[in-house]
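In what follows, a single structure is set out as structure tokens and then discussed.
Everything numeric in this text was worked out from a predicted model, so none of it was measured.
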Amino acid sequence: MEGNHETNLKPPATYTEMLDKFKDRGLIIQDEIKAVGILKRINYYRLTGYLLPYKLDENQYREGTAFENIVDLYHFDMRLRSLLLDIFEYVEISMRSLISYHLAHKYGVECYNEPANFSFRKSIDYDKFISKLYEELDRSKEIFVSHHKHNYRQRYPIWVAVEVLSFSSLSILYTNMKPEDKRVICKQFGLKTNKLMDSWLHSLCILRNRCAHFSRIYDTKLTHQVALTFDAQKLKIKPNTLFGAIFTLKYLVQDQTTWSSWITELNSLLDRYNHVCELYRIGFPEDWENYLRSIPTDTSYT
């Protein structure tokens, strides 16, 4: 055995023991009965993630840290994930529509069945993609899928097939489109280079999955940082932050009414939880709202 690592797992703690551990580390708990009720619906270790910004060391929290504020921070993160999923839905659906429209008109209704229409580096990667696509089509209970399954002998036009793709699979499809086809899609968003969209879809897909699986996004860094336009670079936006990802969304949400309303909801959420949310921990500058509402001018990238 290497080092002095423990090999035995710790025994389960009671709710009272969990609260005692919190208190021993300096956490203020005003209502222990209410706190136990919260621990019954929110796992102890899930809550400890929201205490990380308050840790002075392994055994002590910042003076004045209250259990109630940590729970508020948890609820802020939960509502922020929900708000992000709303705008991801807009982006995902619009990308499905644009990609399927272009591919159908250039290569035909079943274009995805021909690897020559794409730029997959390895045939095995294409085979994996197609295999997963047909698995999703077979599994789908959507009426439009069933219609083609029974009336067209399981032949599906691209505009039907894309509707069963996850955001992750859609990102893979876009990444493996030919450069000239990517340029057509990018032009729809005023982007001057394919590299931006490649980076954005990959990063947003990871973030979207974290939101969908209830992972903490407050005070975390992006595992895949976003490529920044010249606009973003001039504003010194950090590419590995939540705000960096959100800033890319302003290029991808073309309906300005939808985007403006979403920013208003975001502003309301941040205002509601300003007593616990420290903007810099999610990469937000003080003038963040103006950054998001301003019209993009330079979408170049180097």
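Inspection of the Tyr107 and Asp181 side chains reveals an N or O donor paired with an N or O acceptor under 3.5 Å. Looking only at atom types and distance, the side chain of His224 has a donor-acceptor partner in the side chain of Ser203 under 3.5 Å away. Residues Lys149 and Ser140 bring no donor and acceptor atom of their side chains to less than 3.5 Å of each other. Between the side chains of Tyr134 and Asn113, at least one donor N or O lies within less than 3.5 Å of an accepting N or O.
Taken to the nearest 0.5 Å, the CD1 atom of Ile263 stands 5.0 Å off from the CG atom of Leu292. Atoms CG and CZ, on Leu85 and Phe167 in that order, are 10.5 Å from each other to the nearest 0.5 Å. Interatomic distance, OG1 of Thr16 versus CE of Met18, reported as 9.5 Å (0.5 Å rounding). Residue Leu173 holds its CG atom at 9.0 Å from CG of Leu133, rounded to the nearest 0.5 Å. From Leu270, atom CG reaches atom CH2 of Trp288 across 5.0 Å, with rounding to the nearest 0.5 Å.
One finds a salt bridge joining Glu92 and Arg96 here, because a Lys/Arg side-chain nitrogen approaches an Asp/Glu carboxylate oxygen to under 4.0 Å.
A cation-pi arrangement is present between Lys182 and Tyr174 under the rule of less than 6.0 angstrom and at most 45 degrees off the ring axis.
The local environment of OH in Tyr101 is sparse, with at most 12 non-hydrogen atoms from other residues, nucleotides or ligands closer than 6.0 Å.
Taking the six-membered ring where the residue is Trp, Tyr50 and Tyr74 present perpendicular rings, their angle passing 60° and hence far from 30°. Between Phe129 and Phe120, the ring-plane angle classifies as tilted under the 30° and 60° cut-offs. Classification of the Tyr152-His147 ring pair by plane angle, with boundaries at 30° and 60°, yields perpendicular. Between Phe22 and Tyr61, the angle of the ring planes lies from 30° to 60°, which puts this pair in the tilted group.
Evaluation of the side chain to side chain donor-acceptor pair (under 3.5 Å) test over residues 205-215, restricted to residues two or more places apart or in two chains, returns none. Applying the salt bridge (Lys or Arg N to Asp or Glu O under 4.0 Å) test to pairs two or more places apart or on separate chains, those with a residue in residues 25-52 are Lys23-Glu32.
Using a 4.5 Å cut-off between side-chain heavy atoms of Ile, Leu, Val, Met, Phe, Trp and Tyr, with links allowed through other members, Val253 and Met197 fall into the same hydrophobic cluster.
Between Arg155 and His148, the closest heavy-atom pair is O-CB, 3.5 Å. Shown here for Val276 and Tyr218, the closest heavy-atom pair between the two residues is O-OH, 3.7 Å. When all heavy atoms of Leu201 and Met95 are compared, the closest pair comes out as CD1-CE, 3.9 Å. Nearest approach of Leu204 to Leu252, heavy atoms of both residues: CD1-CD1, 3.6 Å.
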Verdict with supporting geometry, Trp262 and Tyr90, ring pair (Phe, Tyr, Trp, His ring centres under 6.0 Å): CA-CA 11 Å; Trp262 190 83; Tyr90 177 99; over 10 Å; no
Determine, stepwise, if the pair Ser166 / Ser169 fulfils side-chain hydrogen bond (donor to acceptor under 3.5 Å, both in side chains). CA-CA 5 Å; Ser166 65; Ser169 294; 3.3 Å; yes
